[in-house]
Amino acid sequence: MTQLSDRYTPQEVEDRIYQWWEQAGYFKAQDQSTKPPFAIILPPPNVTGFLHLGHALDHTIQDCMIRWKRMNGFNALWLPGSDHAGIATQSVVERELKKEGVTRTELGREKFLEKVWDWKKQYGDRIYRQMRRLGDSCDWDRAVFTLDEGPSKAVRRVFTTLYKKNWIYRGQRLVNWSGPLETAISDLEVEYKQIKGSIWHIKYQVEGTSDFLVVATTRPETLLGDSAVCVHPEDERYAKYIGKNVILPLLGRKIPIIADTYVDREFGSGVVKITPAHDFNDYKIGKTHNLPFINILTKRAEMNENAGPYKGLKVQEARKRVLEDLKAQNLLEKEEPHTLNVGHCSRSGAVVEPFLSEQWFVKTEHLSVPARRVVESGTTQIEPESWTKVYLHWMNIIEDWCISRQLWWGHRIPAWYCDKCSHITVAETDPSKCESCGSTSIRQDEDVLDTWFSSALWPFSTLGWPQETEKLKTFYPTSVLVTGHDILFFWVARMMMMGLEFMRDVPFRKVYLHGIVRDSQGRKMSKSLGNSVDPVDMIEKYGADALRFSFLAHIHSGKDFKFSEQRTEGYRNFMNKIWNATRFSLTNLQDFKVPTEGTAAMPDKAQLTAFDQWIITKLGRTEKTVEEALEQDRFSDAATALYSFVWYEFCDWYIEFIKPVMNGPGGSEKQNTQLVLAQVLNRVMRLLHPFVPFISEELYQKLPIKGEACIVDKYPNTRNDRELLALGSDTAAYEVEILKEVISAIRNVRGENRISPAIKINVRVSPSDAKAQKVLLENRNAIVTMGRLENLDISAEGSLSKCAVVPVAVDGSQMQVIIPLEGLVDIDEEIKRIQKSVEKLNKDIAGLSGRLSNENFVKNAAEDVVEADRKMLEQNKAQLSSLQDALKRLQS
RNA sequence: AGGGAGUUAGCUCAGUUGGUAGAGCGCCACCCUUACAAGGUGGAUGUCGCAGGUUCGAAUCCUGUACUCCCUACCA
């Protein structure tokens, strides 16, 4: 038998076990199988990224689900993949190039892309390696990258199909523009931050008069692009000006004074400047009033020729200069402090400028309808349910999706412009000539697609679509999608739309949303705060299992997760506890021979001790709890049930109970107990496996009763484990309860009176009925050992003088635990202890009798509730009187 | 501004249909008792945000209110 060290060292176990699993092919799913399918598509991490705590949480949940289903006999597929992450990756590589003093434009598109692919080759596997350390049981042979041939074909098919339906269109729109990245970004990529800025009041002279209209703005430089000023049509102050012009300060252009109910008369001066090309609200006004759209910015967010003398300045510089010049011309009435929300690019951090440009859009009007319906009808469930409303609300107000990005890294838009006839050819395979006029002088669109466009196709593009593959038939719709609620709109909603449009079915049956990982104080993890935690560090320090368990024991769907290293340390201790309990067991199983093959070996029920039957009963309850919890994705309930069973039932009591048996003479009692021990350990490892795969597999392999591998053994539940669980009994549960109570009573007296464990004491237990007496007599050994007794007397007769007395009641059986204290302790301590109990009993009795004397309670409450109270009252009264007697004796 | 979630022991959180408040960590005391000091045993700790209401009985249901957080939108 292998000798186990007295501490669990994950470093010696994890890599070895993982390699074995992978080589043995345990993670593989079958394209076709008689087993029911269960599929999870991994939210693809950024290809050049590294594993952070958020991934670790996300993956742990998925791995737990997959392992559980795999053990339940499913054809379980966990399909891994990685995302090219357009903006993120391109920025990283650009930053690297900058160190070498090269810009991407200098390099040119082709060369630059080569560099990015190099980068991908170098770092693309890093995150996969880190996932292996966490224990992720992905089917690695199926790993897909968004720019692989398969997904790229899917992207082209979807793009062309939607284009032909007119659900993808090109148009000039106002979009969110990131200056540093020189690209459009979607609404969702804009983060609003509260900024303490100013609001400036600027005077616009009314043409042909000496009157001024005062306009308030937070972005004074945009006045260079003003097309009008606007007032409320019913605002008496300005009625006379409507239709006239004002002179635009600094540039001297004439612009009209228009009227629109959009203006709030109460706010500011009641006059609004209209800059249709640089403000989303003004854009709408510009459209309805047919105003010119004057773009004053370049792609780099610098002033262009329309800005006249300010050309070439960056926005902030232009603002400064504009203000100076206005002041010099006495056109700046005042400046007031003002807090406003400013949109920032979530990638570059720069202020987002609304920018007018030609972009590609997905029309969402029709796509969103079924995406809404399937959630309303429950075809796809969102967990937690509260996010359903959020999802539906967003689907209701959804705007068209800007999918073109002015980047190089990504899926290039499959559209070609004809130099001759300007026709746009959109095609799945690169065309050689214009489909309209046949000219070969065609140019492909320079832009690439938003990364989320390919992500939206992920549930079917990873399974071979547009080909009709077996795996697609088997695994689509996937079973569940696990992801953070922060990408519900970015990703989940768009997968839903695309899946329904192209597969005519939902992409997943269930969406499990979790929150963001925060630090132990609830702050977001960030580099600047220095509070981010590297999961790989945690794995190295405490082991992957401990990290996984700290997630699973505390995760609640939808809620943010506060990570605490201290807690992880606690679960590391739990792993050690499991390790040592097994170590003890194996030592005591050295002379054990498995009577028949494997898990079928069952002991003779008639010969089982009460502890054996009791632990089996507890095991059965645990299996039930765990199964119910996992079915409802309540991982923490399952994890907690396992923690309690292993530590508080199995280790604290069962192992202690069987020590006398193991150290005893042997024979059939020992044989039976050994068999129970071996069987329970076997169940413990299997139950723990989806949560803590490494340690459970490692120990499982050392058990006398085991199968080929824990990872593919059955997951125990009340149905498939019936044969063993039938050996449990409620009578035994009652008996063990008595023993536990008696032993606790002895320990309590010892503890409160500070009697050293080194001193063995004498105890008498006086049972009030034959049933209890029998239990005590049969288990005398256990009580003596665990109470550390010199002598145990089980009898109703005996002296009570100078004795501690603890009344014990279990299920109607009453007894007293009597401990002579003469010479052992200060009697006053014991008097205090008893007085404390008396106080508590008095309080309880007062409450109970108060309630029972209320006739409304007796009349209205459920019978069993009243009955239980009556019983409790009686019991308490009996205990009280025995304590009062004991007190009298001690005080006399 | 609209929507959502939350407020329970020092900290992080459980608490399914209303029936005398739970866990982990931390804390205190004693103990290296032959699996484990990453351990054992015992112990202390809460007017369940506040105010009303329904009920024999409310952490749990209803109404109001305070505070916190998140999401969506955003006024020049």
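So that the names make sense, note that chain A is the first sequence line, chain B the second, and so on, each numbered from 1. Note that the structure is predicted; figures quoted are calculated from it, not measured.
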(message) Can a side-chain donor-acceptor contact be found between A:Ser744 and A:Glu741 if the only test is distance below 3.5 angstrom?
(response) no
(request) Residues of residues 643-655 of chain A with any non-hydrogen atom less than 4.0 angstrom from an atom of RNA chain B: list those, numerically ordered, please. (result) A:Tyr643, A:Trp647, A:Tyr648, A:Cys651, A:Asp652, A:Ile655
(request) Using a 4.0 Å heavy-atom cut-off across all strands, classify A:Thr218 as base, sugar-phosphate, or nothing. (result) sugar-phosphate
(request) Rounded to whole angstrom, note down the P distance from B:G6 over to B:U16. (result) 12 Å
(request) With P as the reference atom in both, quote the distance from B:A5 to B:U47 in angstrom, rounded to an integer. (result) 28 Å
(request) Go through B:C36, B:U72, B:G42 for me and flag the one nearest to the A:His393 side chain. (result) B:U72
(message) Of the listed nucleotides (B:U72, B:U33, B:A76), which one gets closest to any side-chain atom of A:Ile397?
(response) B:U72
(message) I want to verify a distance call: between B:C31, B:C36, B:U12, whose nearest atom is closest to the A:Lys562 side chain?
(response) B:U12
(request) Look at all strands and tell whether A:Asn860 reaches a base, only sugar-phosphate, or nothing, counting heavy atoms closer than 4.0 Å. (result) base
(request) For A:Gly270 and for A:Ala581, find the nucleotide of RNA chain B with the closest heavy atom, then tell me which residue's nucleotide is more 5'. (result) A:Ala581
(request) Specify the separation, in whole Å, of atom CG of A:Leu4 and atom P of B:A35. (result) 14 Å
(message) Reading RNA chain B from 5' onward, which residue's closest nucleotide shows up sooner: A:Arg634 or A:Ile755?
(response) A:Arg634
(message) Rounding to an integer number of angstrom, what distance separates B:A9 and B:A14 when you compare their C1' atoms?
(response) 13 Å
(message) Let's see if you can work this out: which of B:G42, B:G26, B:C13 has an atom nearest to the side-chain heavy atoms of A:Gln566?
(response) B:G26
(message) Could you tell me how far B:U20 sits from B:A58 if I compare only their P atoms? Round to whole Å.
(response) 12 Å
(message) Under 4.0 Å, heavy atom to any atom of RNA chain B: which of residues 842-851 of chain A qualify?
(response) A:Leu848, A:Arg851
(request) Check every atom of B:G42, B:U33, B:U72 against the side chain of A:Ser744 and return the nucleotide holding the closest atom. (result) B:G42
(request) With heavy atoms under 4.0 Å as the rule, sort A:Asn748 into base, sugar-phosphate or nothing. (result) sugar-phosphate
(message) Looking at every non-hydrogen atom in both residues, tell me the closest pair between A:Val271 and A:Val214 and how far apart they are.
(response) CB-O, 3.6 Å
(message) The side chain of A:Arg754 is closest to which nucleotide in this list: B:G43, B:A29, B:C36?
(response) B:A29
(message) Can you give me the closest heavy-atom contact between A:Phe691 and A:Phe635, atom names plus distance?
(response) CE2-O, 4.1 Å
(request) State, to 0.1 Å, how close A:Phe694 and A:Val13 come at their nearest heavy-atom pair, and which atoms those are. (result) O-CG1, 4.1 Å
(request) Write down the distance separating the P atoms in B:C31 and B:G18, rounded off to the nearest Å. (result) 49 Å
(message) Within the 4.0 Å heavy-atom criterion, would you say A:Met575 contacts the bases, only the backbone, or no part of the nucleic acid?
(response) nothing
(request) Could you work out which one of B:G43, B:U12, B:U20 sits closest to the side chain of A:Arg567? (result) B:U12
(message) Let's test your reading of the model: under 3.5 Å, does the base of B:C56 pair with the side chain of A:Lys859 as donor and acceptor?
(response) no
(request) May I ask you to check whether A:Phe574 and A:Phe549 place their ring centres under 6.0 Å from each other? (result) yes
(message) I want to verify a distance call: between B:G39, B:C71, B:A76, whose nearest atom is closest to the A:Val390 side chain?
(response) B:C71
(message) Once you apply a heavy-atom cut-off of 4.0 Å, does A:Glu385 come out as touching a base, just sugar-phosphate, or nothing?
(response) nothing
(request) Indicate, with yes or no, if the rings of A:Tyr204 and A:Phe212 have centres closer together than 6.0 Å. (result) no
(request) Report yes or no: do A:Asn580 and A:Arg7 form a side-chain donor-acceptor pair below 3.5 Å? (result) no
(request) Examine the side chains of A:Glu830 and A:Asn753 and answer whether a donor and an acceptor come within less than 3.5 Å of each other. (result) yes
(request) Could you summarise the pairing of RNA chain B as dot-bracket text, marking Watson-Crick and G-U pairs under 3.5 Å with ( ) or [ ] inside the strand and | across strands? (result) (((((((..((((.....[..)))).(((((.......))))).....(((((..]....))))))))))))....
(request) Determine the contact category for A:Asp282: base if any of its heavy atoms lies under 4.0 Å from a base atom, sugar-phosphate if only primed atoms, P, OP1 or OP2 are that close, otherwise nothing. (result) nothing
(request) Kindly point out which of B:A14, B:G19, B:A35 is positioned nearest to the side chain of A:Val865? (result) B:G19
(message) Within the 4.0 Å heavy-atom criterion, would you say A:Tyr8 contacts the bases, only the backbone, or no part of the nucleic acid?
(response) base
(request) Go through B:U41, B:C36, B:U33 for me and flag the one nearest to the A:Arg788 side chain. (result) B:U33
(request) Between B:U8 and B:A44, how far apart are the P atoms? Round to whole Å, please. (result) 23 Å
(request) Please report the C-alpha distance between A:Tyr391 and A:Trp387 in whole Å, then the side-chain angles of each, then the deciding distance to 0.1 Å, and finally whether the ring pair (Phe, Tyr, Trp, His ring centres under 6.0 Å) criterion is met. (result) CA-CA 6 Å; A:Tyr391 172 93; A:Trp387 282 93; over 10 Å; no
(request) Evaluate the ring pair (Phe, Tyr, Trp, His ring centres under 6.0 Å) criterion for residues A:Tyr571 and A:Tyr542: first the C-alpha distance (whole Å), next the side-chain angles of each, then the deciding distance (0.1 Å), finally the verdict. (result) CA-CA 8 Å; A:Tyr571 292 121; A:Tyr542 304 108; over 10 Å; no
(request) Please report, rounded to the nearest Å, how far the P atom of B:U34 is from the CZ atom of A:Phe584. (result) 12 Å
(request) Under 4.0 Å between any heavy atoms, over every strand shown, what does A:Arg572 touch: base, sugar-phosphate, or nothing? Just pick one. (result) base
